[in-house]
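First comes the structure, then the notes that go with it.
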Amino acid sequence: MEGREGWPRCGGGEGEEEEAEGDQFERLPDAVLLDVFDRIGDVKALGRCALVSRRFHALVPLVDSVFVRVDCVIPDDPAPSSAGPEQAAADGQPTRGRGALAHLARLVLGGIVRPIQALGQILSPAAATVSRRSVAPPSTPPPTAGDISHHSPSEVLRSFKELRRLRIELPTGELGIEDGVLLKWKADFGSTLGSCVILGASSVSSKPSPPPATPSPTATDSSVTSLDSSREPDELGNIPDSLYTNGGLKLRVVWTISSLIAASARHYLLQPIIADHSTLESLDLTDADGQGVLTMDKRQLQELRVRPVSASGNSHRTLMPALSMRLWYAPHIELPGGQLLKGATLVAIRPSEDVLKEGGGVEAAGPTGASWISDAFEEPYRSATQVLLKQRTYSLEMNSF
C-alpha cells in the first residue's frame, strides 16, 4: 500500500527469532499484513487479530479502514417519578397547559426521542477524556471481541491512530414506522447539513397477478407509473388535492422532519470521533434496517474541525439551517420484481443559502448536479427515484430548527 512499503517490521524481539524461523507468516512485510487487516475491517475481528501476537498487536492500531457494527442499544430511561414534561410528552403521558402544541410534539417527535437518547448512549464517549494523540501502553491490548459490544465506538476507535475510512452501523433505525411503510433517507454533512434525500411510500406490496379471465376495462390502473416512463420533468406546481386527503401531506411533513432530526442527531454525536481522528477522510453512519445513511467526505470532515457545530437549543443534535425543498409524488410506482409503491414520495433538501449562491434550484445544486438525488439509493429504489424525478415538482420552504 502507498506510504507503507518502507515501514520497518513491528514487534519481534531476539527471543522470538527462533519461533519466527518456523513461521512463514512472519516473513510477510508489514505493508502486506496491513493490507490484509484493512480488508478485514470489522473491529471485532481486528480485536481478535490483535491478540494473536505482539507484532499483530502493534500493527492493528495502524489500519486505515474500520467497520464498527453496534450490536445493541441499551437506553438509560429515567425513572417515572423524575421524568420531565418533555419526556412525559414523548411517553404519551398527559401534561397540563400544553394543548394542541403538546399533541403536535407527541405526533412528530414522540416516536424518535427515545431512539435518539439511545443513540447518544452508544456513540458518546466515556466521562473520562483521552487526548487524541495519546496511545494506550503496549501492556494494554485493544478491547477483546466480547468486550467491544459494551463499549461506545468512541472508546473502541481510540486505539486506531491512522484511521482514514470509517463505517459505523447501528442496530436499528431511529424512526419507528409501521410494517409495510417505506421510509429511507440519505444525508451529507459538513459543519451543518449539506443535502438530504428522503424516499417514502405509504405502503409497499406485491403487484397482484392479473386474473386469467378477460380483463375488464378497469383492470389497468392508469395511475400506475411504470419504469419505462419517458416523460420530461414537469414544471413547478401547486401541491395536488390528493395529497391533502386522508392526512397525506401531514404524513409526509412528519416523514421529512423526523428524518432530518434523526440525521442531525447522528451528526451531532459524531463530533468526539471526528475530533479524535484527524486523519479521517470518509465517514458513513448507517443502520442495519437500511433506513438512514449519513455521509461525510474529507472536505466536510475538515470543515467540521474548523467550524464548530451549532446545537439546536438544548437538544443533542445539529441545528438545521433554513431549507429549500423539492417534492415529487406519484400515487403508484411499479418496481422491478413486481413491487408496488403506493403514495410514493421523493423529497430533496438543501440549505436555502447554498441554493441561492449556486443557482439552478434545489435539484440542480451541488457539485454533481441532479445525480446526488437519483443516485442516493440502491436498486430497486434508485429506479423509483428516477421515475419520481419525471413527475411534477412541488416547492417547499422550511425555517431553521
Side-chain angles (χ1 to χ4, degrees), residues 67-77 90-92 105-124 149 152-154 166-189 193-205 251-271 273 283-296 312 315-318 320 335 339 341-349 373 375-382 384-385 401:
F67 170 51
V68 180
R69 179 181 286 110
V70 181
D71 290 337
C72 62
V73 180
I74 305 176
D76 185 15
D77 290 334
D91 293 341
R106 287 194 297 272
L107 174 67
V108 177
L109 304 178
I112 62 174
V113 168
R114 282 191 176 181
I116 287 177
Q117 290 173 342
L119 179 63
Q121 294 289 325
I122 59 176
L123 290 183
S124 297
S149 297
S152 75
S154 297
L166 173 62
R167 182 167 174 255
I168 302 174
E169 182 183 277
L170 303 175
T172 183
E174 299 90 334
L175 308 180
I177 56 177
E178 298 178 0
D179 292 340
V181 174
L182 172 68
L183 182 58
K184 301 175 74 69
W185 59 267
K186 181 177 182 181
D188 68 83
F189 280 80
L193 179 71
S195 67
C196 182
V197 183
I198 302 169
L199 177 65
S202 54
S203 70
V204 182
S205 59
L251 175 62
R252 283 152 182 80
V253 170
V254 171
W255 286 349
T256 302
I257 295 176
S258 300
S259 299
L260 289 171
I261 290 176
S264 63
R266 290 190 189 187
H267 178 253
Y268 185 86
L269 294 168
L270 286 172
Q271 292 179 87
I273 295 175
L283 190 158
D284 294 337
L285 180 52
T286 66
D287 58 77
D289 293 338
Q291 189 178 92
V293 178
L294 182 149
T295 67
M296 300 182 72
S312 178
S315 62
H316 295 287
R317 66 176 184 84
T318 302
M320 281 290 172
L335 298 180
Q339 278 189 319
L341 301 185
K342 182 179 179 181
T345 306
L346 177 69
V347 183
I349 305 169
I373 306 175
D375 296 339
F377 308 109
E378 300 294 332
E379 292 291 359
Y381 304 112
R382 177 177 295 179
T385 299
F401 65 97

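One is the number of the first residue; the rest follow in order along the sequence. What you see is a predicted model, and the numbers here were worked out from it, not measured in a lab. What's counted below: heavy atoms across the whole structure, side chains too, no hydrogens, waters or symmetry copies.
Note that CD1 of I273 is 8.0 Å distant from CG of L285, once rounded to the nearest 0.5 Å. Note that CD1 of I261 and OG of S315 are 8.5 Å apart. Values are rounded to the nearest 0.5 Å. Note that the CD1 atom of I373 and the CG atom of L199 stand 12.0 Å from one another [nearest 0.5 Å]. Annotation: the span from L283 atom CG to L294 atom CG amounts to 7.5 Å, rounded to 0.5 Å. Rounded to the nearest 0.5 Å, atoms CD (Q291) and OG1 (T172) are 7.0 Å apart. With values rounded to the nearest 0.5 angstrom, E169 atom CD is found 7.5 Å from D287 atom CG.
Every residue meeting the side-chain contact (heavy atoms from CB on, under 4.5 Å) condition with V293, not counting sequence neighbours, appears here in chain and number order: K186, T286, T295. Evaluation of the side-chain contact (heavy atoms from CB on, under 4.5 Å) rule for E378 yields R382 as partners, not counting sequence neighbours. Here T385 pairs with nothing under the side chain to side chain donor-acceptor pair (under 3.5 Å) rule; sequence neighbours left out. Listed by chain and number, the residues in a side-chain contact (heavy atoms from CB on, under 4.5 Å) with S195 are D188, R350, W372 (sequence neighbours excluded). Every residue two or more places apart in sequence or in another chain was checked for a side chain to side chain donor-acceptor pair (under 3.5 Å) with D284, and none qualifies. Residues satisfying the side chain to side chain donor-acceptor pair (under 3.5 Å) criterion with S264, sequence neighbours excluded, are absent altogether. In this view, A187 and W185, F189, L193, C196, A263 satisfy the side-chain contact (heavy atoms from CB on, under 4.5 Å) rule, not counting sequence neighbours.
Annotation: E379, atom CD; neighbour count of heavy atoms from other residues, nucleotides and ligands within 6.0 Å is above 12.
Minimum interatomic distance between A201 and V181 (heavy atoms only, all atoms of both residues): O-CG1, 3.5 Å. Across all non-hydrogen atoms, the minimal contact from G173 to D289 is N-OD2, 3.1 Å.
Within the 4.5 Å cutoff, side-chain heavy atoms of T256 are placed close to those of I349. When side chains are defined from C-beta on, L175 does not count as touching W255, because their heavy atoms never get closer than 4.5 Å.
In terms of modelled atom types and a separation under 3.5 Å, the side chain of R252 and the main chain of V347 share no donor-acceptor contact. A donor-acceptor pair is defined here as one N or O able to donate and one able to accept, closer than 3.5 Å; such a pair exists between the side chain of S202 and the backbone of K342.
Tested against T318, the residues Q271, R266, H267 include a single side chain to side chain contact (heavy atoms under 4.5 Å, CB included) partner, H267.
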